[in-house]
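Just so it is clear, the model here is predicted, and its values are computed rather than measured. Sequence positions, counted from 1, serve as the residue numbers for this chain.
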Amino acid sequence: MQYLLMLYAEEGGWARMSPAEQEQGVAAYGAYTQALKTAGALVGSNRLQGTTTATTVRVANGKSQVLDGPYADSKEQLAGYYLIDVADLDAALAWAARCPTASHGIVEVRPVWSM
């Protein structure tokens with residue numbers, strides 16, 4: 001079954017890290033991604049550009065409304081995702097707990113509704 005691991009973190013956190021901390025972060029995500037690949041669980045993943053690049057589209061009364069910025073204003077922002085294919089929710093939760101984001105942000109786990 002496929003699950004989307006949505007990674008939420010405070011957007012400005014990376015810029016406040018020292019170069020050594022950033023290097024450790026890159027290595028941690030690299031190791032996590034490799035572990036997913038080795039386990040045959042990784043379907044896809046990507047980082048998202050900052051919220052300043054977001055555009056929100058909504059249709060109300062038949063008219064399109066286009067707004068700058070993300071839909072929700074919150075402490076943590078959606079920073080990226082991993083799409084994984086694992087046996088069940090317990091396995092997805094175990095992978096989410098291993099994700100580096102879980103130590104400084106939030107990993108939301110949601111099953112994919114196959115159409």
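Partners of Gln49 according to the side-chain contact (heavy atoms from CB on, under 4.5 Å) rule, which considers only residues two or more places apart in sequence or in another chain, are Thr53. Ala97 meets the side-chain contact (heavy atoms from CB on, under 4.5 Å) test with no other residue; sequence neighbours excluded. Evaluation of the salt bridge (Lys or Arg N to Asp or Glu O under 4.0 Å) rule for Arg98 yields no partner, not counting sequence neighbours. Checked against side-chain contact (heavy atoms from CB on, under 4.5 Å), Asp88 has the following partners two or more places apart in sequence or in another chain: Asp90, Ala91. Partners of Glu23 by salt bridge (Lys or Arg N to Asp or Glu O under 4.0 Å), not counting sequence neighbours: none found. By the salt bridge (Lys or Arg N to Asp or Glu O under 4.0 Å) test, Arg47 pairs with no residue at all, sequence neighbours left out. By the salt bridge (Lys or Arg N to Asp or Glu O under 4.0 Å) test, Glu108 is found to be paired with Arg110, residues two or more places apart in sequence or in another chain being considered. Shown here are the side-chain contact (heavy atoms from CB on, under 4.5 Å) partners of Leu48, two or more places apart in sequence or in another chain: Leu78.
With a 4.5 Å cut-off on side-chain heavy atoms, Leu5 and Tyr81 do not count as touching. Counting heavy atoms from C-beta outward, Val43 and Gln2 have side chains that approach closer than 4.5 Å.
Under the 4.5 Å side-chain heavy-atom criterion for Ile, Leu, Val, Met, Phe, Trp and Tyr, Val107 and Leu93 are members of the same hydrophobic cluster.
For the residue pair Thr38 / Gln34, a side-chain donor-acceptor distance below 3.5 Å is found, with atom types taken as modelled.
When every heavy atom of Tyr29 is checked against every heavy atom of Pro100, the shortest pair comes out as CZ-CB, 3.6 Å. For the pair Met1 and Pro111, the tightest heavy-atom approach, listed with the atom from each and the gap, is CE-CB, 3.7 Å. Nearest heavy-atom pair, Val109 versus Ala92, reported as atom, atom and distance to 0.1 Å: CG1-CB, 3.9 Å. Considering all non-hydrogen atoms of both residues, Ala102 and Ala96 come closest at CB-O, 3.6 Å.
For residues 2-14, the set of pairs meeting the salt bridge (Lys or Arg N to Asp or Glu O under 4.0 Å) definition, not counting sequence neighbours, comprises Glu10-Arg16.
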For residues 55-67, tabulate all N or O donor-acceptor pairs below 3.5 Å that involve a side-chain atom, not counting sequence neighbours.
unit_1: Thr56; atom_1: OG1; unit_2: Gly69; atom_2: O; d: 2.6

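To the nearest 0.5 Å, atom CD of residue Gln77 and atom CG of residue Leu7 are 13.0 Å apart. The distance from atom CH2 of Trp95 to atom OH of Tyr82, rounded to the nearest 0.5 Å, is 10.5 Å. Rounding to the nearest 0.5 angstrom, the gap separating the CG atom in Leu83 from the CG atom in Leu42 is 8.0 Å. Note: Met6 CE to Thr101 OG1 = 12.5 Å, rounded to the nearest 0.5 Å. Atom NZ in Lys37 sits 7.5 Å away from atom OG in Ser45 (nearest 0.5 Å).
Looking at Thr33, its side chain never comes within 3.5 Å of a backbone N or O of Gly30 through a donor-acceptor pair.
Chaining together hydrophobic side chains whose heavy atoms lie under 4.5 Å apart places Val26 alongside Trp14, Met17. The hydrophobic cluster around Met115 extends to none of the other residues, as no ILVMFWY side-chain heavy atom falls under 4.5 Å of it.
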Inset, instruction - Go through the steps to decide whether Leu89 and Tyr3 satisfy the test side chain to side chain contact (heavy atoms under 4.5 Å, CB included), and finish with yes or no. - result: CA-CA 8 Å; Leu89 178 59; Tyr3 291 87; 3.7 Å; yes
